[in-house]
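Here the structure is a predicted model, which is why all the values come from computation and not from measurement. Below, all heavy atoms of this structure are taken into account, side chains as well, without hydrogens, waters or symmetry copies. Sequence lines set the chain letters: A, B, ... in the order given, protein chains first and strands last, and positions in each chain run from 1.
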Amino acid sequence: MNHTHRVLEEEHLDFLKEMMNIGIGNAAAALEQILQSQVEVRIPTVTILSALEMPDYFADPTFPVACAKMGMVGDVAGDLLFIVPADERTALIHLAEEAMPGTELTKRELAKTTEWDTSVLSELANILAGVYLAAIHEFSGLNLYHTVPVLSLDMIQAITDEPIAQWVSQNPLIILIENNLILKQEQVNAYFLFLMSVLTKEILSDAIQSARQKMCGQEG
Amino acid sequence: MVSEHCGEDRDRHVEALVLPVKMGRALITAAPNVMVCAGLGSCVALAFYERHKKIGGLAHIMLPDSSIFRSRFSGHGLQDLSSKGGEAQSAKGSTTGTNTPVNLLPPSPHLWSVYQCADTAIAALLEGMLGNGVTPQELVAKIAGGARMFSSYENSAADRSIGEHNVLAVKRILTMKRIRLIGAHTGGTCGRNVQFHLDSGRLIVKRIGMEDEEI
């Protein structure tokens, strides 16, 4: 792993990745309920970065995305971003709208309104973030809560630079999870980006340690 | 240095390089090169230009003030500020076919980079420009960026966003250093791509779904 996070040991990083993998399992189950159809999940790619490594991470910083940003409060402070490539958000929205009854909007109206897009995406982000954070809590005992999502559609770099700027002085731990889902034969990539303040890195390490002890205890 | 070679490079009609300037970084180079800041949200692209020598500097600034780092990492980085302008480094892999020198100001080896914050970035970029034989009187500045990417109830219009703070800080420091700001494309809620053409000093601002604008 990179030098920037030498504070965390390799086993801690492995544990963080495991925690995120458990999160996606739960998120998929929640998606199945919302979309009322089977959701196939590939093992997510979990990347841990420092804020200074972020500018080099995006191969195309101008890549258009839809992003729901939520504040993260509790044992770890930070931001939580739910990011969907702009061309794939329509697939996700179409699937969600099929499953969400009660809308009077026709397809033609839907095509020109973005308000519906934003509310569906915000709702998806809300549910998935909640499920993800609950999974982290179960696994590590960390209490994490998120604020109401705010949405933006723009270039990936433009969308992520404000949260990074906000937290960069704390040398945050950035966990990027690339989820590859198959919904009704449509492949959808959805990303979670956790920005965790370094001030609480010790708390995080302690939580991971206690989770390990708990697991070892259960095995014994 | 850039100033010693740019004249003869222009005579040879060298191929222009397109050089990205990433977040928290800065670059100084000469015509005919083009510098690019891609995906500016709340960040501000600050361009310095000298039209006779056709030398320009571009910084991709993230934050208004380095004091937040200074209090947290006191003694790290700030003392190195004076050396930031001089160290030259070729843009990796892309220099083939051109003789225009690229004076890449390297990212700080510390936990933060001087180019992340308006105060330290302007000081370092100015020093780099002066080091290339530019006089302060002939230096002009243009800025772009500083958007508010997320609007919410808790972050209401009455509160200044990071982008607005960045723009205000850059403008204030430029005034303080008596550098003429001749163009600005700031604020709003859209991300920007900026192209800085050193043959003309034009700064082209591109936004998704909108006409390109020139400042």
Side-chain angles (χ1 to χ4, degrees), chain A residues 3-7 49-71 73 79-83 86-87 114 118 122 125 146-172 197-199, chain B residues 20-25 36-45 60-73 76 107-113 115-118 145-155 161-166 188-194 206-209:
Chain A
H3 64 282
T4 320
H5 292 301
R6 54 182 175 266
V7 190
L49 300 160
S50 74
L52 286 180
E53 288 166 319
M54 278 299 282
D56 293 315
Y57 185 77
F58 301 121
D60 178 10
T62 65
F63 188 66
V65 295
C67 172
K69 186 185 93 157
M70 291 152 275
V73 290
D79 272 331
L80 174 54
L81 309 182
F82 175 61
I83 302 168
D87 55 347
T114 56
T118 50
S122 295
H146 65 89
T147 59
V148 178
V150 283
L151 211 101
S152 184
L153 283 93
D154 217 301
M155 297 174 277
I156 181 117
Q157 170 86 66
I159 274 173
T160 50
D161 71 359
E162 190 172 310
I164 291 170
Q166 194 180 338
W167 292 101
V168 70
S169 69
Q170 317 279 326
N171 191 24
S197 163
V198 76
L199 286 176
Chain B
V21 180
K22 293 183 179 176
M23 196 162 68
R25 313 250 169 95
V36 175
C37 276
L40 287 167
S42 62
C43 289
V44 170
H60 190 148
I61 296 166
M62 296 167 73
L63 286 163
D65 189 357
S66 63
S67 60
I68 49 164
F69 290 99
R70 218 181 306 224
S71 55
R72 189 162 170 77
F73 307 115
H76 292 271
S108 165
H110 302 290
L111 284 170
W112 63 285
S113 141
Y115 308 109
Q116 284 177 346
C117 303
R148 180 193 285 257
M149 300 305 297
F150 294 94
S151 302
S152 66
Y153 299 111
E154 59 198 82
N155 180 16
S161 64
I162 291 178
E164 287 164 293
H165 279 295
N166 283 340
T189 55
C190 287
R192 294 170 171 89
N193 285 328
V194 165
K206 292 169 177 284
R207 288 175 293 174
I208 290 181

Exercise. Among B:Cys43, B:Ser42, B:Gly191, which residue forms the greatest number of heavy-atom pairs with chain A at distances under 4.5 Å?
Worked result: B:Ser42
Seminar exercise, completed: The side chain to side chain contact (heavy atoms under 4.5 Å, CB included) partners of A:Ala165 (sequence neighbours excluded) come to B:Met62, B:Leu63, B:Ile162
Rounded distance [0.5 Å steps], [atom1] in [X] versus [atom2] in [Y]:
| X | Y | atom1 | atom2 | result |
| --- | --- | --- | --- | --- |
| A:Leu153 | B:Thr189 | CG | OG1 | 11.0 Å |
| B:Lys22 | A:Met54 | NZ | CE | 12.0 Å |
| A:Gln157 | B:Met23 | CD | CE | 5.0 Å |

Exercise. Tell me, side chain or backbone of A:Asp56 under 4.5 Å from chain B's heavy atoms, or both, or neither?
Worked result: both
Problem set entry | Any donor-acceptor N/O pair, A:Thr62 side chain to B:Ala38 backbone, under 3.5 Å | no
Problem set entry | Distance-minimising heavy-atom pair for B:Ala147 and A:Glu162 | O-OE1, 3.9 Å
Problem set entry | Side chain / backbone / both / neither for B:Leu40 at chain A, heavy atoms under 4.5 Å | backbone
Problem set entry | chain A contact via B:Arg192 - side chain, backbone, both or neither, heavy atoms under 4.5 Å | backbone
Exercise. Which of these, A:Asp79, A:Ile159, A:Leu151, sits in a side chain to side chain contact (heavy atoms under 4.5 Å, CB included) with B:Phe150?
Worked result: A:Ile159
